[in-house]
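The shown structure was predicted, so the numbers you read here are calculated from the model rather than taken from an experiment.
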Amino acid sequence: MQALMLAAGMGKRLGRYTKDGTKCMVPVNGKALIEYAIEALVKNGIKKFIVVVGYKSDVLIDFINSKFNESNLGGMEIEYIENKVYDKTNNIYSLYMAKDKLYEDDTILLESDLIFKPEIIGKLIECRDKNLAVVSHFESWMDGTCTILDEKRNITGMVDKATFNWFETENYYKTVNIYKFSKDFSKNYYVPFLEAYQKAFGKNEYYEQVLKVLSFLSSSTLKGLPVSGDDWYEIDDPSDLSIAENRFATGKEKLVQLQHRYGGYWRFPQLKDYCYLVNPYFPPKKMVDEMEVSFKTLLTQYPSGAAQESLLAGKIFNILPENIVVGNGAAELISSIGDLLSGTVAIPYPTFNEYPERFKNCKLVPVPTNREDFSYMADDILKTVKSEKANAVLLINPDNPSGNFLKKDDVISLLAELKKLNVTLIFDESFIDFADREIRYTLLEQNILDKYENLVVVKSISKSYGVPGLRLGILASKNADYVGKIKKTNAIWNINSFGEYFLQIYEKYKKSYSAACDSIADERARFVKELSKIGWLKVFPSQANFILCKLDKNHRADDLAVKLLEDNIYIKDLTGKKCFEEPNYIRLAIRDKNDNDFLVKSLEEIDMKSRILRGGGKGRHFKFSSTS
């Protein structure tokens, strides 16, 4: 068995990454793609590797020679074929140039822009089928040629961009661009068709087109070998490179890279996200269907301006439009608040860092909290206001990440006292809808706003209503001048058409939203009960859609986060956040029952390993290492 790589292309879309080298020299986490490929071939006992070079061929050959020699090639021989017209041809011609090599032995064909796990090569070699295309069940991030398989894995059709149908993707398998061809197949079928196709359509075509013709003529010519989407990635541009680095990172580096993405996790469909906070029970399917029906209209139409958005939000919350403003997520509104705020602000810590980071013109003073459970009362806030002469208070209720909750009567009493002192209360109730039914409330009521002009209410629609992709948040205050200033700081079209349409149709789904919040409260109670069974976790009470946990001294939060990421579970490691200097605090979002049970099972398995090691190691405690 030999291997053949097509590496003649210029890789223009990678820009600066291929300015001084070829596409397969692009590094992923410090190692070039060609290094990954050669190491995978050596590991699986391949004895000959043919590389078709072209663009910067001398640079590529020198690079390979500098990285590999007899001692680390395991006896594998490397040969080169040069495509001197690489800038005028495509991969069909590069492959045809290697036709004589295809006649010599069964061949694994690789493209140069891939990173993949070595196990794929092993599966190709071990499979008894002589002619195979490695494929992966289609996921939304994939692009390029797809295949259709029958029940025997025969490729019965190949789907290119011209025939691709998004409504049939359940039946599609993306080609990974790794193949196994027997020498008989190459000699009697593939190479003759390569030659004929070039004569008919020219040399600036793709070899996949020939495979499409062959699959059309005979469905038993080529079979598919399905692999997981986690096992490979194709790198065409800098965005692909970033994602590949994340997918193929290991240990703590993988966690750090994921943390720095701040979202976009649809590119990682296997990931279960317990870090970002979203309502898993809303919106309902019927609402999603309604938005899908209007997709083309919303995509091609401008949204309304701020005045109309305020009317829609005012209708939902029964608040006058001059007292409410819609933001591009709560983050935009927080930034606007920070631009207008000055003086001394009292803040209970720990809290959502976005607020203090935006309060750049203010002196921030902490409200004392109980260091055992991070709880505090309204009186603690009032005492700090008086002692520090604060002119504003930030209160997130339930607080993030502690889950601390102040009941309505306590907050109203605090408001009244702050009003006497001419102190503004910035009240963020982004998570308040998830509180237990009997204590759930809102300050988004016109009569409350009218009575307390010192009140500013912020609510993240993204978090509460399960639509973070729409980027919606609201701010309400009796002070119309203040609300007007916030509106002026925002762009006229700060809300897109999809967000506006959500506000427009929400009224029809109010009961579904209420039921979804009840489901969160019920699942939180169950989830807390299950987590509390894990001996090394201290679970804090919460009224939000997340739970704060403290690990015992034998476990570290960062190590746990790395270990869980191996099971595609992403949690919030709070290490380094204010009040969490010790590396043993985590925050877990509440997902649905099945996902939460999956997390609990993973934690129980960790607990079991811990018990075994403690029992078998003379009291030695189990602790993850950062490289585990």
Intermediate values then yes/no, side-chain hydrogen bond (donor to acceptor under 3.5 Å, both in side chains), Ser310 and Lys487: CA-CA 10 Å; Ser310 292; Lys487 289 179 179 179; 3.2 Å; yes
Lys419 (side chain) donor-acceptor with Lys451 (main chain) under 3.5 angstrom: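 Yes, because the side chain of Lys419 sits within donor-acceptor range (under 3.5 Å) of the backbone of Lys451.
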Side-chain donor-acceptor pair present, Gln543, Asp436, cut-off under 3.5 Å: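 The criterion, which ignores hydrogens and geometry beyond distance, is satisfied for Asp436 and Gln543.
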Flag for Arg267-Ser140: side-chain donor and acceptor within less than 3.5 Å: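 Arg267 and Ser140 do not have a side-chain donor-acceptor pair below 3.5 Å.
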Intermediate values then yes/no, salt bridge (Lys or Arg N to Asp or Glu O under 4.0 Å), Arg526 and Asp597: CA-CA 10 Å; Arg526 192 197 70 86; Asp597 284 345; 2.9 Å; yes
Exercise: do Gln301 and Tyr501 side chains pair donor with acceptor under 3.5 Å: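 Note: Gln301 and Tyr501 side chains miss the donor-acceptor criterion.
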Cationic tip of Arg587 above Phe546 ring, under 6.0 Å, 45° of axis: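 Pair Arg587/Phe546 counts as cation-pi.
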Lys174 to Tyr233 six-membered ring, cation-pi geometry met (6.0 Å, 45°):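 Not satisfied by the 6.0 Å and 45° rule.
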Enclosure of Lys572 NZ (heavy-atom neighbours >12, cutoff 6.0 Å):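 It does not: Lys572 NZ has 12 such atoms or fewer within range.
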Main-chain N/O of Tyr173 paired to Thr147 side chain as donor or acceptor, under 3.5 Å: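 Present.
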Check: Asn397 side chain, Asp399 main-chain N or O, donor-acceptor pair, under 3.5 Å: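 Flag not set: sc Asn397 to bb Asp399 has no pair under 3.5 Å.
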Donor-acceptor contact present, side-chain Asp237 to main-chain Ser239, <3.5 Å: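 Checking the backbone N and O of Ser239 against the side chain of Asp237, a donor-acceptor pair under 3.5 Å is found.
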Donor-acceptor pair, side chain of Asp160 and main chain of Ala162, under 3.5 angstrom: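 The answer is yes, because a donor-acceptor pair under 3.5 Å joins these two groups.
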From CA spacing to verdict: side chain to side chain contact (heavy atoms under 4.5 Å, CB included), Phe268, Asp230: CA-CA 8 Å; Phe268 307 88; Asp230 277 349; over 6 Å; no
Over 12 non-hydrogen atoms of neighbours within 6.0 angstrom of CD in Glu170: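 Atom CD in Glu170 is not crowded, with 12 or fewer foreign heavy atoms closer than 6.0 Å.
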Lys488, NZ: over 12 other non-hydrogen atoms inside 6.0 angstrom: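 Result for NZ/Lys488: open.
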Test item: side-chain donor near acceptor, Arg471 and Ser462, under 3.5 Å: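 The criterion, which ignores hydrogens and geometry beyond distance, is satisfied for Ser462 and Arg471.
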Interatomic distance, Asp240 atom CG to Asp113 atom CG [nearest 0.5 angstrom]: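 These two atoms lie 9.0 Å from each other.
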Ring-face cation of Lys272 near Phe598 (centre distance under 6.0 Å, axis angle within 45°):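 Yes, a cation-pi geometry holds between Lys272 and Phe598.
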Glu429 side chain to Thr442 side chain, donor-acceptor N/O pair below 3.5 angstrom: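 Yes, side-chain donor-acceptor contact under 3.5 Å.
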Flag, side chain of Asn279 to backbone of Ser464, donor-acceptor distance under 3.5 Å: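 Yes: the side chain of Asn279 pairs with the backbone of Ser464.
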Tyr465 and Tyr513 aromatic ring geometry - parallel, tilted or perpendicular at 30°/60° bounds: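 Ring orientation of Tyr513 relative to Tyr465: parallel.
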Donor on one side chain, acceptor on other, Gln446 and Asn323, under 3.5 Å: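 Yes.
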Flag, side chain of Thr300 to backbone of Lys296, donor-acceptor distance under 3.5 Å: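 Side chain of Thr300 to backbone of Lys296: a pair is present.
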Steps toward salt bridge (Lys or Arg N to Asp or Glu O under 4.0 Å) verdict (Asp339, Lys360): CA-CA 8 Å; Asp339 289 341; Lys360 52 186 178 293; 2.8 Å; yes
Asn422 atom CG, over 12 foreign heavy atoms within 6.0 Å: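 At most 12 heavy atoms, drawn from other residues, nucleotides or ligands, come within 6.0 Å of this atom.
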Side chain to side chain contact (heavy atoms under 4.5 Å, CB included) evaluation trace for Arg261 with Ser242: CA-CA 9 Å; Arg261 296 191 67 85; Ser242 173; 3.3 Å; yes
Plane angle bin for Phe434 and Phe431 - parallel if under 30°, tilted between 30 and 60°, otherwise perpendicular: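 Plane angle between 30° and 60°, so tilted.
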Whether Trp493 and Tyr302 hold their rings parallel, tilted or perpendicular, with breakpoints at 30° and 60°: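 Tilted, since the angle between the ring planes falls between 30° and 60°.
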Sidechain-backbone polar pair: Asn494 side chain, Asn490 backbone, donor-acceptor under 3.5 Å: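 Absent.
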Crowding at OH, Tyr276 (>12 non-hydrogen neighbours, <6.0 Å):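 Yes, the 6.0 Å shell around OH holds more than 12 heavy atoms from other groups.
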Residue pair Ile520, Phe527: steps toward the side chain to side chain contact (heavy atoms under 4.5 Å, CB included) verdict: CA-CA 10 Å; Ile520 284 279; Phe527 194 28; over 6 Å; no
Verdict with reasoning, Ile426 to Leu341, per side chain to side chain contact (heavy atoms under 4.5 Å, CB included): CA-CA 11 Å; Ile426 302 166; Leu341 191 63; 4.0 Å; yes
Exercise: do Ser430 and Asp428 side chains pair donor with acceptor under 3.5 Å: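 Ser430 vs Asp428: donor-acceptor pair found between side chains.
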Within 6.0 angstrom of Asp289 CG, more than 12 heavy atoms from elsewhere: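 Yes.
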Check: Lys463 main-chain N/O paired with Ser460 side-chain donor or acceptor under 3.5 Å: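 At least one qualifying donor-acceptor pair exists.
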Tyr349 six-ring centre to Lys578 NZ/CZ under 6.0 Å and within 45° of normal: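 Because its charged atom sits under 6.0 Å from the ring centre and within 45° of the axis, Lys578 does stack over Tyr349.
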Side-chain (Asn479) to main-chain (Tyr482) donor-acceptor, under 3.5 angstrom: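 Looks like yes, one N/O pair under 3.5 Å.
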Cation-pi, Tyr274 ring and Arg591 (6.0 angstrom, 45 degrees):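 Checked: cation-pi criterion met.
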Heavy atoms of other groups near Lys577 NZ, more than 12 under 6.0 Å: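 For Lys577, atom NZ is crowded (more than 12 foreign heavy atoms under 6.0 Å).
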Distance-only side-chain donor-acceptor flag, Gln504 / Glu500, under 3.5 Å: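 There is no such pair (donor and acceptor under 3.5 Å, judged by atom type) between the side chains of Gln504 and Glu500.
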Thr175 and Thr145 side chains, donor-acceptor separation under 3.5 Å: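 On atom types as modelled, these side chains do not qualify, holding no pair under 3.5 Å.
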More than 12 heavy atoms of other groups within 6.0 Å of Arg16 CZ: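 No - once you tally the heavy atoms of other residues, nucleotides and ligands closer than 6.0 Å, there are 12 at most.
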CA sep, side-chain torsions, deciding dist, call: Phe138, Trp166, ring pair (Phe, Tyr, Trp, His ring centres under 6.0 Å): CA-CA 10 Å; Phe138 183 82; Trp166 278 101; 5.5 Å; yes
Under 3.5 Å side-chain donor-acceptor pair for Asn596 and Glu523: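 Result is yes, a qualifying pair exists.
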